[in-house]
Amino acid sequence: MIRNSNVKVDFTNGSLQGEQIVRKETRLKEIQNIFEKRVDESQVDPETIVYEVEYYSRGENHQPGGLLFGRSILHPGKVNDEYFMTKGHFHQQREQSEFYWGIQGKGILLLMDEDKNTSAEIVEPGSLHYIPGYTAHRLINTSDEVLIVGACWSADAGHDYDTILTEGFSKRVKNIDGRIQLV
Ligand code: PAN
Ligand code: ZN
């Protein structure tokens, strides 16, 4: 029998429709400590949603050989001189790589290897980013509109957030005198 796929991707914004779509939102209060300076609650509400992730997962989630496909939506905003960004992580299985691609908006993909060498790539509609294994990755929205980024990664890659939470990235993207700078 020839049948329809049970999931659809809207390539204008990366949104997924269908079964087995996992969705998660992350609020500022959950990730306050990734920013260098304290969140000033008179400037930005800790309940603000910083980013949303959705991906197609066929139940073989943590099994070897599986793939996950999805998108991240990073909202515009700042905490002092830093832009809204994702927590960032190494994969639990360090050798696992990942593809990102820009769909909407503009931002930066910050990459850091295990020796803390950092590089940064501009993410914009049509840009494709290969994140090699052994490389931590974080998205930063440097614009005033939403940043949407597609992603495809190994289902068993896993996320190691602790290393970044304790050691951080060796560089930060900041708005200094109205300019985007890697410092
Ligand atoms: C992405 C990220 C997503 C959110 O799907 O998980 O952008 O970032 P954090 O996981 O760092 O909060 C990915 O890289 N998966 O492996
Ligand atoms: Zn990843």
Side-chain angles (χ1 to χ4, degrees), residues 13-16 21-55 57 61-62 68-94 96 98-114 116 118-123 129 131 134-153 157-176 180-183:
N13 60 17
S15 78
L16 294 164
I21 311 295
V22 178
R23 294 189 169 84
K24 185 180 184 295
E25 53 188 39
T26 300
R27 291 173 192 269
L28 183 56
K29 64 180 184 188
E30 301 166 56
I31 55 164
Q32 307 202 44
N33 48 357
I34 66 172
F35 296 95
E36 191 173 46
K37 297 182 198 130
R38 277 201 60 217
V39 174
D40 178 350
E41 296 191 11
S42 70
Q43 297 288 317
V44 55
D45 183 353
E47 293 294 334
T48 306
I49 295 172
V50 178
Y51 57 98
E52 299 161 64
V53 177
E54 64 180 22
Y55 59 93
S57 167
N61 205 334
H62 294 282
L68 300 173
F69 180 98
R71 67 168 178 169
S72 298
I73 304 168
L74 192 47
H75 293 280
K78 284 213 292 271
V79 172
N80 302 300
D81 56 358
E82 286 186 276
Y83 302 95
F84 276 8
M85 58 187 169
T86 59
K87 273 198 280 191
H89 57 270
F90 284 98
H91 289 146
Q92 194 81 48
Q93 291 194 26
R94 286 289 194 278
Q96 297 285 359
E98 181 163 4
F99 273 118
Y100 275 7
W101 55 96
I103 297 172
Q104 200 178 300
K106 196 162 178 178
I108 288 175
L109 169 61
L110 190 60
L111 300 167
M112 182 179 75
D113 68 20
E114 291 188 302
K116 294 189 179 279
T118 306
S119 63
E121 296 179 3
I122 293 171
V123 183
H129 309 271
I131 301 163
Y134 307 93
T135 306
H137 40 291
R138 163 179 281 167
L139 284 167
I140 298 134
N141 186 351
T142 53
S143 78
D144 297 327
E145 54 169 321
V146 84
L147 172 67
I148 305 181
V149 180
C152 185
W153 70 102
H159 297 97
D160 167 15
Y161 292 111
D162 286 351
T163 304
I164 293 300
L165 276 177
T166 52
E167 296 174 25
F169 279 78
S170 53
K171 293 212 166 132
R172 289 180 177 273
V173 176
K174 292 189 176 182
N175 179 305
I176 300 171
I180 300 161
Q181 294 196 43
L182 186 65
V183 291

Asker: So do the side chains of Y100 and L109 get within less than 4.5 Å of each other, counting heavy atoms only?
Answerer: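 A side-chain contact under 4.5 Å exists here.
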Asker: Tell me the closest heavy-atom pair linking R138 and I164, and the distance in Å.
Answerer: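 The pair with the smallest heavy-atom distance is NH2-CG2, 3.9 Å.
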Asker: Would you say that H91 contacts I131 through its side chain, given a criterion of any heavy-atom pair below 4.5 Å between the two side chains?
Answerer: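 Counting from C-beta outward, H91 and I131 never come under 4.5 Å.
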Asker: Search all heavy atoms of Y51 against all heavy atoms of T86 and return the closest pair with its distance.
Answerer: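 Residues Y51 and T86, closest heavy atoms: CE2-CA, 3.4 Å.
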Asker: Does atom CG of D144 have more than 12 heavy-atom neighbours from other groups under 6.0 Å away?
Answerer: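 Counting neighbours around CG of D144, 12 or fewer heavy atoms of other residues, nucleotides or ligands fall under 6.0 Å, so no.
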Asker: I'd like to know if the side chain of R27 and the backbone of E47 have a donor-acceptor N/O pair within less than 3.5 Å.
Answerer: yes
Asker: Mind checking whether N13 and Q104 have side chains closer than 4.5 Å, heavy atoms only?
Answerer: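 Side chain of N13 against side chain of Q104, heavy atoms only: contact under 4.5 Å found.
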Asker: Can a donor-acceptor pair be found, under 3.5 Å and without considering hydrogens, that links the side chain of Y55 to the backbone of L16?
Answerer: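 No; zero donor-acceptor contacts below 3.5 Å.
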Asker: Any non-hydrogen side-chain atom of I34 less than 4.5 Å from a side-chain atom of E82?
Answerer: no
Asker: Working to the nearest 0.5 angstrom, can you tell me the gap between F169 CZ and L111 CG?
Answerer: 8.0 Å
Asker: E36 and N80: side-chain contact (heavy atoms from CB on, under 4.5 Å), yes or no, with the steps?
Answerer: CA-CA 9 Å; E36 191 173 46; N80 302 300; over 6 Å; no
Asker: Any salt bridge linking R23 with E25? Criterion: basic side-chain nitrogen under 4.0 Å from a carboxylate oxygen.
Answerer: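 E25 and R23: not salt-bridged.
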Asker: For V173, enumerate each residue passing the side-chain contact (heavy atoms from CB on, under 4.5 Å) test, keeping only those at least two apart in sequence or located in another chain.
Answerer: Y83, I108, I140, T142, I180, L182
Asker: Evaluate the side-chain hydrogen bond (donor to acceptor under 3.5 Å, both in side chains) criterion for residues H89 and H137: first the C-alpha distance (whole Å), next the side-chain angles of each, then the deciding distance (0.1 Å), finally the verdict.
Answerer: CA-CA 6 Å; H89 57 270; H137 40 291; 2.8 Å; yes
Asker: For a quick test of reading the model, state the closest non-hydrogen atom pair linking V149 to L147 and the distance between them.
Answerer: CG2-CG, 3.8 Å
Asker: I want to check something: taking the side chain as every heavy atom from C-beta on, are N175 and K78 in contact at a cut-off of under 4.5 Å?
Answerer: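 Side chain of N175 against side chain of K78, heavy atoms only: contact under 4.5 Å found.
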Asker: Is the shortest heavy-atom distance from the side chain of M85 to the side chain of R172 under 4.5 Å?
Answerer: yes
Asker: Return the minimal non-hydrogen interatomic distance between W153 and G70, and the atom names on each side.
Answerer: CZ3-N, 4.2 Å
Asker: Check whether more than 12 heavy atoms from other residues, nucleotides or ligands sit under 6.0 Å from atom CD1 of I122, and answer yes or no.
Answerer: no
Asker: Could you go step by step and tell me if N33 and L165 meet the side-chain contact (heavy atoms from CB on, under 4.5 Å) rule?
Answerer: CA-CA 8 Å; N33 48 357; L165 276 177; 4.2 Å; yes
Asker: Heavy atoms only: give me the nearest M112-F90 pair and the separation to one decimal.
Answerer: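 Between these two residues, the closest heavy atoms are O-CE2, 3.7 Å.
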Asker: Let me see the working for H75 and I49 under side-chain contact (heavy atoms from CB on, under 4.5 Å), right down to the final yes or no.
Answerer: CA-CA 7 Å; H75 293 280; I49 295 172; 4.1 Å; yes
Asker: Given L139 and S72, is the side-chain contact (heavy atoms from CB on, under 4.5 Å) satisfied, shown in steps?
Answerer: CA-CA 9 Å; L139 284 167; S72 298; 4.3 Å; yes
Asker: Is there side-chain contact between L110 and T118, with at least one heavy-atom pair below 4.5 Å?
Answerer: yes
Asker: Which heavy atom in Y161 sits nearest to a heavy atom in G88, and how many Å separate them?
Answerer: CD2-O, 3.4 Å
Asker: Compare all side-chain heavy atoms of K116 with those of E167 and state whether any distance is below 4.5 angstrom.
Answerer: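 K116 vs E167: side chains touch.
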Asker: Any sub-3.5 Å donor-acceptor pair from R71's side-chain atoms to A151's backbone N or O?
Answerer: no
Asker: Distance check, rounded to the nearest 0.5 Å: I176 atom CD1 versus D81 atom CG?
Answerer: 6.5 Å
Asker: For P76, give me all partners under side-chain contact (heavy atoms from CB on, under 4.5 Å), at least two apart in sequence or on another chain.
Answerer: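 Only N141 meet the side-chain contact (heavy atoms from CB on, under 4.5 Å) criterion with P76.
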Asker: Return the set of residues passing side chain to side chain donor-acceptor pair (under 3.5 Å) with D113 (not counting sequence neighbours), or none when no residue passes.
Answerer: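 Counting only residues at least two positions away or on another chain, D113 forms a side chain to side chain donor-acceptor pair (under 3.5 Å) with N117.
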